[in-house]
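Each remark here refers to the structure printed beneath this line.
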Amino acid sequence: MARQHELAELLFSRDASLVGFADLQEIPPASRQGLPMAVSIAVAIDPYIIAGLKVGPTSIYHDEYHRVNNLLNSLARSAVEYLHERNCKAIALSADDVGYNTETLGTPLPHKTAATRAGLGWIGRSSLLVTEEYGTAVRLTTVLTDADLPAGTPINESHCGECFACMHACPASAPTGRQWHAGDPREAIVDAFACSRTAGSHAAKAGFDDIICGLCISICPYTRRYIERCVD
């Protein structure tokens, strides 16, 4: 328990927004590189920047996207160093090492899977993680480990209820409208290829190489509460 608190405090001191610990033993070993646990780390996106997303990605959102990604990579390295110093195995699933497949637009172990199993949030109709604290305005990273960390309580059902805001806001019509349950295939929730094509097109028109959009993030009621809490 002390190790859990020490690691979380270290990551919070370095600007993590949420930290959770997940038991992955029900997931096939190949997807988790044979390690039983995960540290799930979230960083919140600046609410002022999210509030400015009205029709598509902006230059400051593009810059914030990269700032958050760089911070996540740094946090993951910090977690790995902490665990290695305590003779634990640890592997950071950073942007370079996550195993992204360009044909399936997926990874062996999505960051969202670790986050839901750590109890940080649930999957919304947009197929993004929804958190009570920040809505969908977070980005994630994961560190696999064999450390003896007490896992959080998994969230296995959506809390979105009858909200379809992200579905109606999506310029790609990517969400199917179905409510998420743990174990559902991604395609039951969202057309990732339609999302990627449209986000890439919108980003290119704005002069960005990244596949980014942000509209479903900005419209989520949980995100709106985060914005209102911080901006108003």
Side-chain angles (χ1 to χ4, degrees), residues 17-28 31-32 38 40-45 47 50-51 53-54 56 93 98 100-101 104-142 151-200 202 211-229:
S17 301
L18 298 171
V19 177
F21 305 98
D23 184 341
L24 302 180
Q25 293 180 82
E26 294 181 359
I27 294 171
S31 298
R32 50 183 170 85
S40 181
I41 307 166
V43 170
I45 304 170
I50 293 296
L53 295 176
K54 306 297 184 183
L93 299 183
V98 74
Y100 183 73
N101 187 318
T104 64
L105 305 183
T107 64
L109 180 67
H111 295 311
K112 291 176 289 187
T113 299
T116 57
R117 296 198 64 79
L120 297 188
W122 64 93
I123 306 301
R125 286 188 167 88
S126 61
S127 194
L128 295 178
L129 184 78
V130 185
T131 68
E132 292 278 357
E133 299 89 340
Y134 306 104
T136 53
V138 295
R139 291 190 61 74
L140 302 164
T141 195
T142 307
T153 302
I155 297 177
N156 295 318
E157 303 287 339
S158 172
H159 296 182
C160 292
E162 296 303 312
C163 178
F164 292 86
C166 63
M167 181 179 177
H168 296 320
C170 179
S173 299
T176 66
R178 177 169 166 172
Q179 191 127 243
W180 169 81
H181 304 274
D184 284 345
R186 183 183 62 187
E187 56 268 24
I189 307 299
V190 71
D191 183 342
F193 295 91
C195 172
S196 180
R197 285 193 303 270
T198 303
H202 283 204
I211 298 175
I212 55 174
C213 174
L215 293 180
C216 62
I217 297 175
S218 66
I219 201 67
C220 173
Y222 285 90
T223 306
R224 300 307 305 177
R225 292 175 198 170
Y226 164 50
I227 292 171
E228 290 164 6
R229 187 171 71 246

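Positions are given from 1 along the sequence.
- Checking Leu18, Thr142, Val138, Thr141 one by one against Ile41, the side chain to side chain contact (heavy atoms under 4.5 Å, CB included) holds for a single residue, Thr141.
- Interatomic distance, Asp184 CG to Glu187 CD, rounded to the nearest 0.5 Å: 9.5 Å.
- Remark: the backbone N or O of Ala192 is not paired with any side-chain donor or acceptor of Ser196 at under 3.5 angstrom.
- When all heavy atoms of Trp180 and Ile189 are compared, the pair lying nearest together is CA-CD1, 3.7 Å.
- Taking both residues in full, the closest heavy atoms of Gly20 and Ala118 are given as C-CB, 3.7 Å, listed atom of the first, atom of the second, then distance.
- The two residues Ser31 and Ile27 make their nearest non-hydrogen contact at CB-CG2, 3.9 Å.
- When every heavy atom of Leu24 is checked against every heavy atom of Arg117, the shortest pair comes out as CD2-CD, 4.2 Å.
- Using a 4.5 Å cut-off on side-chain heavy atoms (C-beta onward), Cys160 and Arg125 make contact.
- Here Arg178 contributes atom CZ and Met167 contributes atom CE; the two are 13.0 Å apart, rounded to the nearest 0.5 Å.
- A donor-acceptor contact shorter than 3.5 Å is absent between the side chain of Thr131 and the backbone of Leu120.
- Stacking of Arg225 on the aromatic ring of Tyr222 is recorded, both the 6.0 Å distance cut-off and the 45° axial limit being met.
- The distance from atom CD1 of Ile217 to atom OG1 of Thr223, rounded to the nearest 0.5 Å, is 7.0 Å.
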Next item on the list: Step by step, work out the side chain to side chain contact (heavy atoms under 4.5 Å, CB included) result for Ser127 and Lys112.
Entry: CA-CA 9 Å; Ser127 194; Lys112 291 176 289 187; 3.3 Å; yes

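- Without hydrogens or angle criteria, Gln179 side chain to Gly161 main chain gives a donor-acceptor distance under 3.5 Å.
- Atoms CD1 and SG, on Ile219 and Cys163 in that order, are 9.0 Å from each other to the nearest 0.5 Å.
- Looking at heavy atoms from C-beta onward, Tyr226 lies out of side-chain contact with Cys220 at the 4.5 angstrom threshold.
- Atom CD1 of residue Ile155 and atom CH2 of residue Trp122 lie 7.0 Å apart, to the nearest 0.5 angstrom.
- Closest heavy-atom contact between Ile211 and Ala199: CG2-CB, 3.7 Å.
- Separating the CZ atom in Arg224 from the OG1 atom in Thr136 is a distance of 10.5 Å, to the nearest 0.5 Å.
- Residues Leu93 and His111 meet the side-chain proximity criterion, which asks for heavy atoms closer than 4.5 Å.
- At least one donor-acceptor pair closer than 3.5 Å links the side chain of Thr116 to the backbone N or O of Thr113.
- A pairwise comparison of heavy atoms in Val190 and Pro175 identifies CG2-N, 3.8 Å as the closest pair.
- Put simply, the side chain of Arg229 gets close to the backbone of Glu133: a donor and an acceptor are under 3.5 Å apart.
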